[in-house]
*Asks:* 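Take this structure first; my questions come after.
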Amino acid sequence: MAADSPPRPPNQDNSPSPSREHEQQFPLPAILTYPSSTPPYLITQGAEARLYKTTYLLPSIPAALKYRPPKAWRHPVLDARLTRHRILAEARILVKCRREGVPVPAVYAVDEAAGWMMMEWVKGAPARVGINEWLRRRKEAEKSTVGNNHGNEDEKDEDATPITGEAEEDKDLVSLMRRIGSAVGRMHKVGIVHGDLTTSNMMLRPWEKGRQPVNGNKSSDDGLLDGDIIIIDFGLASQSSSDEDRAVDLYVLERAFASTHSRAEQLFSATLESSYRETFKQAPVVIKKLEEVRMRGRKRSMIG
């Protein structure tokens with residue numbers, strides 16, 4: 001669900017697939033070994049959990065299974081308690097968000113004792129992928145124009161004109177940023193702090209034909225940045241109504257955006273904050289706190 005590209009189909013030859021290689025090191029949870037279960041595909045593996053693509057109840061219903069395997073270096077009793085707590089906490093947060101209209105995957109099933117949670121499979125690609133491809137195409141178009149006018153000059157990334165959202169060509173990205181701000185505002189409004197907000201943890205789910213978007217205005221002509229923003233990966237999330245926690249959440253997103261999409265860094269504050277304010281009434285207080293968090297971040301950077 002958070003992969004950069006669609007999962008590859010199982011190998012047609014006899015060479016081991018990535019999924020099978022990991023199965024040899026880490027046994028699958030029992031639910032993925034039942035005869036009725038579609039053969040799972042390992043999407044990604046982190047320090048705490050692994051994400052598989054499989055199906056739920058019927059082969060026609062794709063699902064994502066998040067599995068927290070036992071940690072050999074922890075005491076078994078402590079490990080079981082931590083796993084149970086984290087799985088339940090994440091599931092409860094997702095259920096609350098879903099109930100309150102926050103765009104997140106639906107929870108299908110949970111087995112906290114076995115350490116897994118089955119969720120809706122979100123079609124599409126991470127917002128990070130769409131934004132970077134949009135920036136790449138924009139750069140190629142500008143280089144082509146420069147080449148036609150100035151003898152095929154080669155523009156360096158650091159010399160590229162920052163994208164501020166004022167140009168007509170920026171409207172697609174502006175619209176996407178507004179959808180992101182709206183989705184984050186809804187999440188904060190219901191008392192949830194994500195803890196790891198990045199454009200990698202936001203999926204762009206394609207709009208259905210003839211259906212109006214639910215969290216932003218349709219914008220892009222080529223469809224590259226079209227889609228609903230779905231926030232994923234709530235492994236570090238918590239329930240909090242603290243303006244400080246919300247401000248830190250926005251700061252993490254801001255820094256991640258500046259690092260991953262540096263050319264569009266100037267677009268972040270003006271666009272995202274405006275839609276965040278429209279969605280969340282307490283936004284002015286959070287934005288003020290965000291300024292304080294930024295100052296602390298700059299001070300730490302100066303001190304080293």
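Quantities reported herein were computed from a predicted structural model and do not represent experimental measurements.
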*Asks:* Rounded to the nearest 0.5 Å, how far does CG of Leu236 lie from NE2 of His194?
*Replies:*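 Here the interatomic distance stands at 8.0 Å.
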*Asks:* Mind checking whether His188 and Tyr276 have ring centres under 6.0 Å apart?
*Replies:*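 Yes; Tyr276 has its ring centre under 6.0 Å from that of His188.
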*Asks:* Given Glu100 and Lys96, is the salt bridge (charged side-chain N to carboxylate O under 4.0 Å, His left out) satisfied, shown in steps?
*Replies:* CA-CA 6 Å; Glu100 300 293 337; Lys96 179 178 181 179; over 6 Å; no
*Asks:* Sub-3.5 Å donor-acceptor pair from the side chain of Ser262 to the main-chain atoms of Ser259, do we have one?
*Replies:*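 Not a single qualifying donor-acceptor pair exists.
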*Asks:* Counting C-beta onward and ignoring hydrogens, is there a side-chain heavy-atom pair between Met202 and Val184 closer than 4.5 Å?
*Replies:*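 Yes; the side chains approach each other to less than 4.5 Å.
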*Asks:* With heavy-atom distances below 4.5 Å as the criterion, would you say the side chains of Arg138 and Ile163 are in contact?
*Replies:*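 Yes; the side chains approach each other to less than 4.5 Å.
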*Asks:* Quick one: does Ser242's side chain have a donor or acceptor within less than 3.5 Å of a partner on Glu244's backbone?
*Replies:*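 Yes; judged by distance alone, with no hydrogens or angles, the pair exists.
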*Asks:* Which heavy atom in Arg179 sits nearest to a heavy atom in Asp172, and how many Å separate them?
*Replies:*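 Smallest interatomic distance, heavy atoms only, reads NH2-O, 4.4 Å.
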*Asks:* Looking only at side chains, do Ser200 and Arg128 share a donor and an acceptor under 3.5 Å apart?
*Replies:*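 Yes, side-chain donor-acceptor contact under 3.5 Å.
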*Asks:* Using only heavy-atom distances, determine whether the side chains of His261 and Asn132 contain a donor-acceptor pair under 3.5 Å.
*Replies:*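 The answer is yes; a qualifying pair exists.
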*Asks:* Has Ser175 got a side-chain atom pairing as donor or acceptor with Lys171's backbone, closer than 3.5 angstrom?
*Replies:*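 Not a single qualifying donor-acceptor pair exists.
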*Asks:* Looking only at non-hydrogen atoms, find the nearest pair between Gly115 and Thr83 and report the distance.
*Replies:*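 Closest approach of Gly115 to Thr83: CA-CG2, 3.7 Å.
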*Asks:* State whether the side chain of Asp249 and the backbone N or O of Gly195 hold a donor-acceptor pair below 3.5 Å, judged by distance alone.
*Replies:*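 Yes, the answer is positive, given that a donor and an acceptor are paired below the 3.5 Å cut-off.
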*Asks:* Kindly indicate, with the supporting measurements, whether the criterion side-chain contact (heavy atoms from CB on, under 4.5 Å) is fulfilled by Ile93 and Val104.
*Replies:* CA-CA 10 Å; Ile93 285 173; Val104 300; over 6 Å; no
*Asks:* Where is the tightest heavy-atom contact between Arg98 and Pro105, given as atom of each residue plus distance?
*Replies:*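 Looks like NH1-C, 4.0 Å.
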*Asks:* So, Gln282 and Lys189: side-chain donor and acceptor under 3.5 Å apart, yes or no?
*Replies:*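 There is no such pair between these side chains.
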*Asks:* Do Lys53 and Trp121 meet the cation-pi criteria used here (NZ or CZ under 6.0 Å from the six-membered ring centre, within 45° of the axis)?
*Replies:*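 Pair Lys53/Trp121 counts as cation-pi.
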*Asks:* Looking only at heavy atoms, which two atoms of Ser275 and Ser182 are closest? And how far apart?
*Replies:*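 For Ser275 and Ser182, the tightest heavy-atom pair comes out as OG-N, 3.7 Å.
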*Asks:* Nearest 0.5 Å, what's the CZ-CE distance between Phe234 and Met187?
*Replies:*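 Atom-to-atom, Phe234:CZ and Met187:CE are 5.5 Å apart.
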*Asks:* Measure the shortest side-chain to side-chain distance between Tyr52 and Leu32 over non-hydrogen atoms and say whether it is less than 4.5 angstrom.
*Replies:*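 Tyr52 vs Leu32: side chains touch.
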*Asks:* Looking only at non-hydrogen atoms, find the nearest pair between Tyr67 and Ala114 and report the distance.
*Replies:*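 Smallest interatomic distance, heavy atoms only, reads CE1-O, 3.3 Å.
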*Asks:* State, with a plain yes or no, whether a side-chain heavy atom of Lys71 is found less than 4.5 Å away from one of Pro69.
*Replies:*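 Side chain of Lys71 against side chain of Pro69, heavy atoms only: contact under 4.5 Å found.
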*Asks:* On a heavy-atom basis, which atom in Val110 and which in Ala91 lie closest, and how many Å separate them?
*Replies:*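 Heavy atoms of Val110 and Ala91 come nearest at CG2-CB, 3.8 Å.
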*Asks:* Do Ile61 and Tyr34 land in one hydrophobic cluster if side-chain heavy atoms of ILVMFWY residues count as linked below 4.5 Å?
*Replies:*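 Yes; tracing contacts between hydrophobic side chains, which count when under 4.5 Å, links both residues.
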*Asks:* Decide yes or no for Phe268 and Gln266: does some side-chain heavy atom of the first lie under 4.5 Å from some side-chain heavy atom of the second?
*Replies:*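 Result no, sub-4.5 Å side-chain heavy-atom pair not found.
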*Asks:* Do you reckon Ile232 sits in the same ILVMFWY cluster as Val193, going by side-chain contacts under 4.5 Å, direct or chained?
*Replies:*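 Each belongs to a different hydrophobic cluster.
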*Asks:* Taking the side chain as every heavy atom from C-beta outward, state whether Lys289 and Val248 have any pair of such atoms under 4.5 Å apart.
*Replies:*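 In short, these two side chains do not touch, never coming nearer than 4.5 Å.
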*Asks:* Using the rule given for salt bridge (charged side-chain N to carboxylate O under 4.0 Å, His left out), can you reason through Lys288 versus Asp243, listing the C-alpha separation, both sets of side-chain angles and the distance that settles it, and then say yes or no?
*Replies:* CA-CA 9 Å; Lys288 186 175 181 180; Asp243 292 326; over 6 Å; no
*Asks:* Look up atom CG in Leu176 and atom CD1 in Ile229, then write down how far apart they are to the nearest 0.5 Å.
*Replies:*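 The distance works out to 5.0 Å.
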*Asks:* Begin from the C-alpha positions of Arg68 and Glu112 and carry the test salt bridge (charged side-chain N to carboxylate O under 4.0 Å, His left out) through to its verdict.
*Replies:* CA-CA 9 Å; Arg68 291 180 177 267; Glu112 68 275 13; over 6 Å; no
*Asks:* Distance-only, no hydrogens or angles: does the Thr54 side chain make a donor-acceptor pair with backbone N or O of Thr38 under 3.5 Å?
*Replies:*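 Checking the backbone N and O of Thr38 against the side chain of Thr54, a donor-acceptor pair under 3.5 Å is found.
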*Asks:* Between Asn201 and Asp196, does a side-chain contact (heavy atoms from CB on, under 4.5 Å) hold up when you go through it step by step?
*Replies:* CA-CA 8 Å; Asn201 286 335; Asp196 189 22; 3.2 Å; yes
*Asks:* Take Leu65 and Ile31 through the test side-chain contact (heavy atoms from CB on, under 4.5 Å) and record every step on the way to the result.
*Replies:* CA-CA 10 Å; Leu65 185 130; Ile31 189 174; 3.6 Å; yes
*Asks:* Given side-chain contact (heavy atoms from CB on, under 4.5 Å), test Val107 with Met118 step by step and report yes or no.
*Replies:* CA-CA 6 Å; Val107 176; Met118 187 84 75; over 6 Å; no
*Asks:* Counting neighbours of CZ on Arg277 that are heavy atoms of other residues, nucleotides or ligands and sit closer than 6.0 Å, is the number greater than 12?
*Replies:*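 Count over threshold, so yes.
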*Asks:* Atom OH of Tyr108 and atom OG1 of Thr55: how far apart are they, to the nearest 0.5 Å?
*Replies:*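 Here the rounded value is 11.0 Å.
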*Asks:* Between Lys139 and Glu169, is there a salt bridge with N-O shorter than 4.0 Å?
*Replies:*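 No, no charged N to carboxylate O under 4.0 Å.
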*Asks:* Return the CG to CG distance between Leu88 and Asp111, rounded to the nearest 0.5 Å.
*Replies:*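 Answer rounded to 0.5 Å: 9.5 Å.
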*Asks:* Side-chain contact, heavy-atom cut-off 4.5 Å: Leu82 with Arg74?
*Replies:*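 The answer is yes; the side chains approach within 4.5 Å.
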*Asks:* Can you list the steps and then say if Arg137 with Glu133 is a salt bridge (charged side-chain N to carboxylate O under 4.0 Å, His left out)?
*Replies:* CA-CA 6 Å; Arg137 294 185 186 182; Glu133 176 62 18; 2.9 Å; yes
*Asks:* Go through Arg50 and Thr44 one step at a time and tell me if the side chain to side chain donor-acceptor pair (under 3.5 Å) criterion holds.
*Replies:* CA-CA 6 Å; Arg50 300 202 297 275; Thr44 185; over 6 Å; no
*Asks:* Quick one, Arg92 and Val95 - any side-chain contact, counting heavy atoms below 4.5 Å?
*Replies:*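 They are not in contact (no side-chain heavy atoms under 4.5 Å apart), so the answer is no.
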*Asks:* Under 4.0 Å between a side-chain nitrogen and a carboxylate oxygen: does that hold for Lys66 and Glu120?
*Replies:*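 Salt bridge absent between Lys66 and Glu120.
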*Asks:* How long is the span from the CD1 atom in Ile192 to the CG atom in Asp245, to the nearest 0.5 Å?
*Replies:*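 Answer for the CD1-CG pair, Ile192 versus Asp245, is 11.5 Å.
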